Amino acid sequence: MEALESLLSKQDIYRVLMFIIFIFVIIMLIINIYKRKKAEEMLLKTQQLLDELKVQDEVTTEFFTNVSHELRTPLNVMLSGLQLIELYIQKGMIKEQGVNLHKKIDAIKQNSLRLLKLINNLIDMTKISSGFYELQLKNCNIVSVVEESVLSMIEYVESKNIECIFDTEVEEMYMDCDPEKIERVMLNLLSNAAKFTPRDGKIYVNIYERKDKVEISVKDTGIGIAKDKQKVIFDRFKQIEGASRDSKDKGSGIGLYLVKSMVELHNGNIKLKSELGKGSEFIITFPIENINKTHNKINKELSKEVKSQWVNYEKNELAVLELSDLLSGNVK
């Protein structure tokens with residue numbers, strides 16, 4: 001009898017335990033369902049926010065593009081007017097009469113070009129961000145394209161008492177590229193190097209052959225870039241800052257973002273090596289296509305056609321445009 005009662009009590013305890021476990025499982029299921037519902041609600045809200053941000057971004061992009069185009073049109077008219085005025089002065093149709101008109105015209109021109117550069121960069125930035133930026137590819141000798149870019153800058157760089165040294169391991173390396181975009185990449189890097197390199201400094205541009213790749217190095221003896229800035233230097237609206245920098249040297253923070261984007265559109269990559277007080281080195285790597293030296297003579301001629309499609313203003317217009325930040329500060 002006592003053994004039966006003992007057995008019944010064990011069965012009761014077992015039932016109670018099973019009931020508790022059952023209740024616990026039910027509670028956990030309810031909690032999980034509640035959490036899942038909350039997570040789904042959060043995910044839905046997040047998706048709605050992302051959709052709203054996407055719409056806002058598209059509106060902002062469209063606004064930037066439209067405003068930039070509207071601003072560029074009157075600037076082009078102003079620059080054309082300046083060109084006409086200079087022509088009249090040359091022909092004696094306008095007399096200076098003791099007023100240095102050339103100096104005043106240069107001031108207007110350089111500051112207009114500075115604004116035009118910013119507007120063009122904004123247009124290009126919005127096109128790249130929205131995926132509508134296209135390359136006009138040609139089979140070009142990349143060495144010639146880079147060399148022409150450097151030559152177009154030497155006069156302005158040397159005017160700051162900065163020596164610009166170009167060297168290459170090979171004379172011909174062909175690749176499919178957009179020569180205007182490559183020129184803009186080089187001019188932007190050279191402009192930055194000149195901007196942050198003190199007088200009597202040096203800028204080195206070197207081209208190396210790396211198996212099936214070409215490596216382009218732009219190195220300067222300037223003020224360098226701090227370590228914490230190097231991580232974000234290619235982000236939009238991030239500005240180059242070094243050991244000492246005047247407010248007049250500050251740019252829009254778009255240039256290096258465009259440089260990186262244009263390099264990557266060519267299936268290349270760019271990296272930075274820099275140390276404060278010792279200068280900076282930007283290294284670009286492009287894949288190349290090895291072609292016989294007698295390959296299509298027309299393509300060799302195309303590789304020398306480093307021309308801008310922006311403002312038909314003067315021979316080295318793209319170099320002048322990229323250097324407008326430097327020159328406008330020196331023109332009063």
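Only a predicted model underlies this, so the values are computations on that prediction, with no experimental measurement involved.
- In this structure, CD1 on I31 lies 6.5 Å from NZ on K35, to the nearest 0.5 angstrom.
- The two residues S191 and M153 make their nearest non-hydrogen contact at N-CE, 3.6 Å.
- In this structure, Y204 is not a member of the same hydrophobic cluster as V218, with clusters built from ILVMFWY side-chain heavy atoms closer than 4.5 Å.
- Residues T285 and R210 are not in side-chain contact: their nearest non-hydrogen atoms beyond the backbone lie 4.5 Å or more apart.
- Clustering ILVMFWY residues whenever any of their side-chain heavy atoms sit less than 4.5 angstrom apart, transitively, puts I85 in the very cluster that holds M93.
- When all heavy atoms are compared, the tightest approach of G224 to S280 is CA-OG, 3.6 Å.
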Exercise for the section: For I30 and I26, run side-chain contact (heavy atoms from CB on, under 4.5 Å): C-alpha distance rounded to whole Å, both residues' side-chain angles, the deciding distance at 0.1 Å, then the answer. Expected result: CA-CA 6 Å; I30 293 171; I26 294 297; 3.9 Å; yes

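- Looking at heavy atoms from C-beta onward, L256 lies in side-chain contact with F282 at the 4.5 angstrom threshold.
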Handout entry: Step-by-step side-chain contact (heavy atoms from CB on, under 4.5 Å) determination, L258 to R184
Key = CA-CA 9 Å; L258 291 177; R184 286 184 63 189; 4.0 Å; yes

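- Inter-residue side-chain proximity for D106 and K103 is flagged as unmet; no heavy-atom pair is nearer than 4.5 Å.
- Remark: K202 NZ to I162 CD1 distance equals 12.5 Å, nearest 0.5 Å.
- In this structure, Q230 contributes its side chain and S274 its backbone to a donor-acceptor pair below 3.5 Å.
- Sparse packing is recorded around CD of E134, with 12 or fewer heavy atoms of other residues, nucleotides or ligands lying under 6.0 Å away.
- I284 CD1 to I270 CD1: the interatomic distance, rounded to the nearest 0.5 Å, is 4.5 Å.
- Within the 4.5 Å cutoff, no side-chain heavy atoms of M18 are placed close to those of F22.
- Contact annotation: the side chain of F166 approaches that of V146 to within less than 4.5 Å [non-hydrogen atoms, C-beta and beyond].
- Remark: K181 NZ is packed, more than 12 non-hydrogen atoms of other residues, nucleotides or ligands lying under 6.0 Å away.
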Problem - Full working for side-chain contact (heavy atoms from CB on, under 4.5 Å) between L75 and M78 - result: CA-CA 5 Å; L75 269 176; M78 290 166 59; 4.2 Å; yes

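- Separating the CD1 atom in I89 from the CG atom in L84 is a distance of 10.0 Å, to the nearest 0.5 Å.
- Both L137 and V143 belong to a single network of hydrophobic side chains, linked directly or stepwise wherever heavy atoms of I, L, V, M, F, W or Y lie under 4.5 Å apart.
- Of all heavy-atom pairs between V157 and A194, the closest is CG2-CB, 4.2 Å.
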Exercise for the section: Dump the intermediate steps for side-chain contact (heavy atoms from CB on, under 4.5 Å) on E209 and M173, then the final yes or no. Expected result: CA-CA 8 Å; E209 186 176 13; M173 297 181 76; 3.5 Å; yes

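- At a threshold of 4.5 Å between non-hydrogen side-chain atoms, the residues F286 and I182 count as touching.
- The main-chain N or O of N141 is never found under 3.5 Å from a side-chain atom of E172 such that the two would form a donor-acceptor pair.
- Note: C177 SG to N267 CG = 12.0 Å, rounded to the nearest 0.5 Å.
- Residue Y208 is not grouped with residue I165 when hydrophobic side chains (ILVMFWY) are merged at heavy-atom distances under 4.5 angstrom, including chains of intermediate members.
- Side chains of M262 and N188 form no contact here, defined as non-hydrogen atoms less than 4.5 Å apart.
- K195 contributes atom NZ, which lies 12.5 Å from atom CG of D220 (distance to the nearest 0.5 angstrom).
- Heavy atoms only, all atoms of each residue included: M175 and I288 are closest at CB-CA, 4.1 Å.
- Note: the hydrophobic cluster containing I283 does not contain L189 (ILVMFWY, side chain heavy atoms under 4.5 Å, direct or indirect links).
- I225 approaches L276 most closely through the heavy-atom pair C-CD2, 4.0 Å.
- In this structure the side chain of I33 never reaches within 4.5 angstrom of the side chain of K37, judged on heavy atoms.
- Taking both residues in full, the closest heavy atoms of R72 and I119 are given as CB-CG2, 3.9 Å, listed atom of the first, atom of the second, then distance.
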Practice task
Please test N120 against D124 for side chain to side chain donor-acceptor pair (under 3.5 Å), starting from the C-alpha separation and ending with a verdict.
Solution key: CA-CA 6 Å; N120 284 326; D124 289 341; over 6 Å; no

